[in-house]
Amino acid sequence: MSTIRALCRRSRSVGIVWLALSAVLSLMLLQGKMPNGDVDDVLKLHEIRHLLQTGNPFDRTLTGIAQPEPMISHWPWIVDAPYALLAVAFAPFVGMEAAVSAAAFMVPLLLLLAAIALLFQMIRELEFEHPGAVLVVAAFAGLPSFSEFQPWRIDYHNLQMLILLAAALLTIRAGRVAAGLNGALVALSTAISAEMAPFLALPAGLYAWAFIAGEGGASNDLRAYGLTLATTAIAVFFVVVGPDAYARAVCDRYSLLHLTALVVTGVVLAIVSIADRTGSWRTRTACILAGSCATAALLVIFFPQCSGGPIVGLSDYARDNWLSRIEQERSAFLSQDFLGSDRFARFFLAVLGSAATCVIALSNAGRRRAWMVLALFSTAGFLLGLLYLRYMRYFPLFVGPGLAVLMYQSLPARLALRSYFATASNKPLPSVSLLAAPGVAIVAALLVGHLIWPPGETQLIGIDVASACQEAGAGPHFVWPKGARLLAPPDIGAAALGSPVELEVVAVPFHTSAKGIERVLRFFDPATPDPTRLLDETRATHIAVCRVEEGALQSIEAQFPLASKLTTGRPPDWLTECPVEGPLRIYRYPAAGGVSSECPVAAHPRPPV
């Protein structure tokens, strides 16, 4: 009974924090606020419906996105499986569409519960006297990350965060079993996306470092990690990849390339672990380096087509006019509004917490391995975020304990609240000034650097004018004539797929739709001599742009004549405007024939994605 009561006490903190976060995120959704929401959620919803309709998990060619080339999703079916399975379970009671909506609401919150539980276990490893109180601080400081678990936030990032927290916890606990499980997590994460590779290389690096240093049991840990990595990579390959693609090497999704990389790496690490018998750290280091270099050379020799990265096939035109202009694909040093936006304010606490965590780890206060692992993960996330803003969503997961210690050292000793953030260690903690100084210095350096070397302004292009409305997906969705094909800026195209309608779009904002994106970019590009050629080439029947009041674009109309005229309702004679309300203007292209003679009609409000 005492064990059961202890488990209940521990789970109570997790339950309370989960309920509080769930309520906050749900209320924000009801108010129309999704801090991290984007068109990824819309496409994921479309992909889940596609999986349910076809019943074939290996068919990743999505219907409704016609460039006119077919678009193949870069996400594996396993990221859609939780939503599809829950929808299938609910469908007999409420119907499939309502079941999909229920799954999109519930699954992120269930993943959030697992994430909070993992975070709580990590905090317990740091030996705080009241881990529940520290969990509250960690949940507040990690809100920028936990926003990825908001209902209807169905992108794959929340699942990757779950894997990331599990990897950090296993690395803290150490041991052969933990190392083996970490190897399995790396293979699973790579099957979802290689985005987490910089984080998940940290456990491998720590196992290799311990092996080189000759720590007791390190060779067993490295061997378990390598063997499990290799075997799980093979198993996941047959789960994720269809039989017709076994021999195909694809750069942007799990394929023979990734299988080879993981299996060779795992086998090399397992073989190298035998070198422990020599007793020489130099030999062990040489073996690790030789194996790493041989693996890299093998991949370059047999898969040269992927040497340029996962999106090597993207043209320079599409890269310069689309990908490099997406905010999360930029460096913080090249972002015009990063330091002045609410994003930076949200991450200020995270920077302080990350820096404080590093100070504690270096000061040898508390359980050194746990704090060191936490510091490595948070520092890696912060540095990656500065270079590539999409990683800023990850590192706030790990900053709560550092902030808790900072609060403990800041609060007066007479306050009872202070005792809730105390650690069980008898070792003295760094002073509050030492804990806070690095974080303040980092923030100050970023601000000064931004003032001295401000990023250059992004040059306006035609598609910017055509997609100038902020809430293209907030208006009524449309019922389109069967067989309609829409040419629109990629974000508008993705929003049009947010409801189960019979519509094809030329482009959505994903690199696998690069050919369609390039055609849309060139359609609105004033340097294109004949835009109708692109309509004919894509077989588009309708065009959608943002609605702008007439006269609002007079200053740039000469520079972008077609985009300006379409957004203000003055189309050329080869287009006819449809009588619709809302943030968009819809045009039909009569020369396309067939359904181009019909206009869409407004229908019920779309789901809150």
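Here the structure is a predicted model, which means the values were calculated and not measured.
Salt-bridge formation is detected for the pair Arg390/Glu329: a Lys NZ or Arg NE/NH1/NH2 atom is positioned less than 4.0 Å from an Asp or Glu carboxylate oxygen. A salt bridge does not link Asp525 to Arg519: none of the charged nitrogens lies less than 4.0 Å from a carboxylate oxygen. A salt bridge does not link Glu504 with Arg539: every distance from a Lys NZ or Arg NE/NH1/NH2 to an Asp or Glu carboxylate oxygen is 4.0 Å or more. Using a 4.0 Å cut-off between charged side-chain N and carboxylate O, Glu577 and Arg588 make no salt bridge.
Residues Thr171 and Asn182 bring a donor and an acceptor atom of their side chains to less than 3.5 Å of each other.
Of all heavy-atom pairs between Ala99 and Ala91, the closest is CB-N, 3.6 Å. Here the closest non-hydrogen pair linking Arg325 and Thr458 is NH1-CG2, 3.2 Å. Here the closest heavy-atom approach between residue Trp77 and residue Val240 is recorded as NE1-CA, 3.9 Å. The heavy-atom pair separating Arg330 from Ser324 by the smallest distance is NE-O, 3.2 Å. For the residue pair Val312 and Cys251, the shortest heavy atom distance occurs at CG1-SG, 4.4 Å. Of all heavy-atom pairs spanning Leu185 and Ala166, the tightest one is CD1-CB, 3.7 Å.
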ask   = Could you walk me through whether Gln328 and Tyr388 pass the side-chain contact (heavy atoms from CB on, under 4.5 Å) check?
value = CA-CA 7 Å; Gln328 75 165 8; Tyr388 203 22; over 6 Å; no

query = Yes or no on side-chain contact (heavy atoms from CB on, under 4.5 Å) for His50 and Asp59, after CA distance, side-chain angles and deciding distance?
reply = CA-CA 9 Å; His50 175 78; Asp59 178 15; 3.6 Å; yes

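With sequence neighbours left out, the side chain to side chain contact (heavy atoms under 4.5 Å, CB included) criterion links Asp40 to Asp38, Trp75, Arg153, Asp155, Phe510. With sequence neighbours left out, the side chain to side chain contact (heavy atoms under 4.5 Å, CB included) criterion links Pro243 to Phe58, Tyr246. Under the side chain to side chain donor-acceptor pair (under 3.5 Å) criterion, Trp322 pairs with no residue at all, not counting sequence neighbours.
Ring geometry for Tyr394 versus Tyr391: interplanar angle of 30 to 60°, hence tilted. Aromatic ring pairs are classed by plane angle as parallel below 30°, tilted from 30° to 60° and perpendicular above 60°; the pair Phe377 and Phe398 is tilted.
Outside the 6.0 Å centre-distance limit, the rings of Phe524 and Phe560 are not counted as a close aromatic pair.
Taking a 6.0 Å sphere around OH of Tyr156, one finds it holds more than 12 heavy atoms contributed by other residues, nucleotides or ligands.
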